[in-house]
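One structure is given below, encoded as structure tokens.
Atoms considered below: every heavy atom in the structure, side chains included; atoms not considered: hydrogens, waters and symmetry mates. Order of listing sets the numbers, starting from 1, for every ligand and every atom in it.
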Amino acid sequence: MQLTRYLLQWSKNVTMPAATLATSSSFSRSTSDLIEKYSRFSPSPISLRQFIDFAQKSGNEKSSFRWLRQEIPTRLANMMKEMNRFPDDLLSTASTSLVTSWYKTSFEEMMRYRDVPVNNDITENFTETLRKIVVRHRNVVETMAFGIMEWTEKMSRKKKVFSETDKENIQYFLDRFYTSRIGIRLLINQHVLLFGDSADREPNLYGSIDPNCDVGCVVQEAYDNAKFLCEQYYLGAPEVKMHVHNVVNEHDPTVNIIYCPSHLYHVCFELFKNAMRATMEFHPDHASDVPPIDVLVTKGHDDCCIKVSDRGGGASREKRQRWFEYLYSTAPRPSRGDASRVAPLAGYGYGLPLSRLYARYLGGDLEIQSIDGFGTDTYIYLRSPSNEAIETVPVFNSTTTEQYRRPHLSGDWVAPISSSSQTKKKRISNKSKS
Ligand SMILES: Nc1ncnc2c1ncn2[C@@H]1O[C@H](COP(=O)(O)OP(=O)(O)OP(=O)(O)O)[C@@H](O)[C@H]1O
Ligand SMILES: [Mg+2]
């Protein structure tokens, strides 16, 4: 994650006057009613095939406008209702208030198009509004992360500890919140790129989707950029050895699928940064001669798979279990607001959880197998047939409410506590006594 630029801005955001930080209680009656109304609609997920068909054949700006003026506020409202389930201590942090205020403003802007007749002026304004929404929400990921950090600090000042239920709820919420954001951004980007300024369009892409995405090329680009970063920190980087195997067409030396290359790039870049850092840290005395990262790219009839294998020492199952937790990182947290630094290689604990969301969003997945003392294999799974790569997006309903209320169940197996966790526990209890 590249937070440095944002962190500078962050220091400005927190000093904004309180009046600009709307909270849910400051919603006007009519906005609240509309949020309530739209949150009862269910989002309508679409497939990559539908995205492409719309862009290539059937789509025009007016039909896109008609669909988005319903779909975007529906997705925003579903998420706003879910945020209302937050504990007050979290809702009232400066960062969380900022995020809720962005959602509210964007929702209200969408409402302006609710009942208007469809004509060229309106669709032009609509595209401009969508652009503004993208800009307004560009720092949502980091700001929400700061909201959680502020909440943690608040809790520790009050000498409160997070319960297991709190921790599960944070993970559950952030997964859904960020997935919803990925989806809304893709919908908006498709519209803006297809019908907005043609200068923004990239040749070969339909919006942000590539009907012929060369997976190997995207992997190579992600590797090159991660390598560049790694060399700045470690004065060296592992080489990559890539094998491409197309099972569907043995004569094709490449793997091409319909996909959103920016999503795939994001995931691969994060995995390479992790693999490189682990490799360089595990071989501290051999910066110029570390084991390579092996990559296997395959295309089967149902799945396209990218396997990234490093020899960076891996981790035990106990540690590995925490890798997908937000804010879990074994790297020192990069300092705030130092713009002169190069982008950090690690330290926010967002790389893996977000990458898994990107993969899952279009019906794929991300899995990890680690061997303690040896290395790690990470598998990215993507859907090969584009009609099966369908958005997975959250909906706010009674199951969601139940999920937040559900108490954490303690285990119903009795197992001896390992000596290492016993020592850790002892250390913690000694600390709290002193
Ligand atoms: N290939 C790997 N080998 C060894 N440890 C790994 C590997 N991938 C992830 N980890 C461990 O999992 C932790 C979480 O990874 P994650 O990518 O989510 O966050 P990060 O790399 O610390 O920070 P960032 O958000 O900047 O990516 C890492 O700090 C590291 O301890
Ligand atoms: Mg990382």
Side-chain angles (χ1 to χ4, degrees), residues 1-7 10 139-146 148-149 167 170-171 174-175 178-179 181-182 219 222-223 225-230 232-234 237-241 263 265-284 290-296 306-336 338 341-360 365-380:
M1 289 231 316
Q2 300 190 2
L3 291 184
T4 322
R5 194 164 31 88
Y6 170 70
L7 289 167
W10 163 249
N139 294 321
V140 159
V141 174
E142 299 86 336
T143 314
M144 201 60 237
F146 280 119
I148 303 288
M149 285 189 218
K167 286 185 203 159
I170 293 172
Q171 190 78 15
L174 290 179
D175 276 348
Y178 291 137
T179 305
R181 179 172 184 273
I182 293 170
V219 170
Y223 167 80
N225 289 336
K227 181 183 181 206
F228 178 76
L229 210 53
C230 181
Q232 318 234 346
Y233 284 93
Y234 295 103
E239 289 304 316
V240 68
K241 282 191 182 159
H263 288 192
Y265 172 86
H266 176 100
V267 178
C268 294
F269 183 60
E270 292 301 329
L271 297 191
F272 279 127
K273 282 193 296 170
N274 285 350
M276 286 180 187
R277 172 176 167 246
T279 306
M280 300 311 288
E281 296 277 339
F282 195 58
H283 302 272
V290 290
I293 297 172
D294 288 312
V295 177
L296 176 67
I306 303 154
K307 179 184 176 196
V308 178
S309 309
D310 67 61
R311 271 176 271 159
S316 67
R317 286 166 299 155
E318 203 182 348
K319 287 187 186 140
R320 155 62 201 90
Q321 258 181 7
R322 301 203 57 198
W323 287 4
F324 283 109
E325 280 176 25
Y326 291 94
L327 299 172
Y328 172 80
S329 177
T330 51
R333 180 137 306 148
S335 58
R336 285 187 184 189
D338 181 0
R341 295 179 70 249
V342 281
L345 196 63
Y348 296 106
Y350 259 62
L352 282 180
L354 273 191
S355 297
R356 185 165 65 177
L357 298 186
Y358 272 103
R360 286 183 172 174
D365 210 345
L366 194 155
E367 288 173 10
I368 294 183
Q369 298 289 336
S370 198
I371 301 175
D372 193 14
F374 183 75
T376 301
D377 291 340
T378 311
Y379 300 82
I380 306 167

* Nitrogen or oxygen of L352 less than 3.5 angstrom from that of ligand 1 -> yes

* To do: Provide the number and element of each atom of ligand 1 under 4.0 Å from a heavy atom of T376.
  => 1 (N), 2 (C), 3 (N)

* So is S370 close enough to ligand 1, meaning a heavy atom under 4.0 angstrom away? -> no

* Structure fact -> Note: ligand 1 atoms sitting under 4.0 Å from heavy atoms of Y348 are 23 (O), 24 (P), 25 (O), 26 (O)

* **Ring-face cation of R311 near F282 (centre distance under 6.0 Å, axis angle within 45°)** => no

* Asked: Is R360 paired with D365 through a side-chain N to carboxylate O contact shorter than 4.0 Å?
  -> yes

* For ligand 1, which atoms sit closer than 4.0 Å to a heavy atom of D310? -> 1 (N), 2 (C)

* **Y265 ring center near Y223 ring center (under 6.0 Å)** => no

* Going by heavy-atom distance to atom 20 (P) of ligand 1, choose the closest among G347, A278, G312, G375. => G347

* May I ask you to check whether Y234 and E281 show a side-chain donor-acceptor distance below 3.5 Å? => yes

* **Numbered atoms and elements of ligand 1 in range of E270, under 4.0 angstrom, heavy atoms** => 27 (O)

* To do: Run the numbers for me: atoms of ligand 1, each under 4.0 Å from some heavy atom of P353, listed by number.
  => 18 (O)

* Asked: Is K273 in polar range of ligand 1, meaning some N or O pair under 3.5 Å apart?
  -> no

* Run the numbers for me: atoms of ligand 1, each under 4.0 Å from some heavy atom of R277, listed by number. => 28 (C), 29 (O), 30 (C)

* Going by distance only, is there an N or O of G351 that falls short of 3.5 Å from an N or O of ligand 1? -> yes

* S329 and R322 side chains, donor-acceptor separation under 3.5 Å -> no

* Asked: Does the side chain of T279 come under 3.5 Å of the side chain of D310 through a donor N or O and an acceptor N or O?
  -> no

* Is the Mg ion (ligand 2) less than 2.8 Å from an N/O/S atom of N274, whether that atom is in the backbone or a side chain? -> yes

* To do: Check step by step if ring-ring contact (aromatic ring centres under 6.0 Å, His included) holds for Y178 and Y350.
  => CA-CA 11 Å; Y178 291 137; Y350 259 62; 5.7 Å; yes

* Report the C-alpha separation of Q171 and K167 in whole Å, then their side-chain angles, then the decisive distance to 0.1 Å, and conclude whether the side chain to side chain contact (heavy atoms under 4.5 Å, CB included) test is met. => CA-CA 6 Å; Q171 190 78 15; K167 286 185 203 159; over 6 Å; no

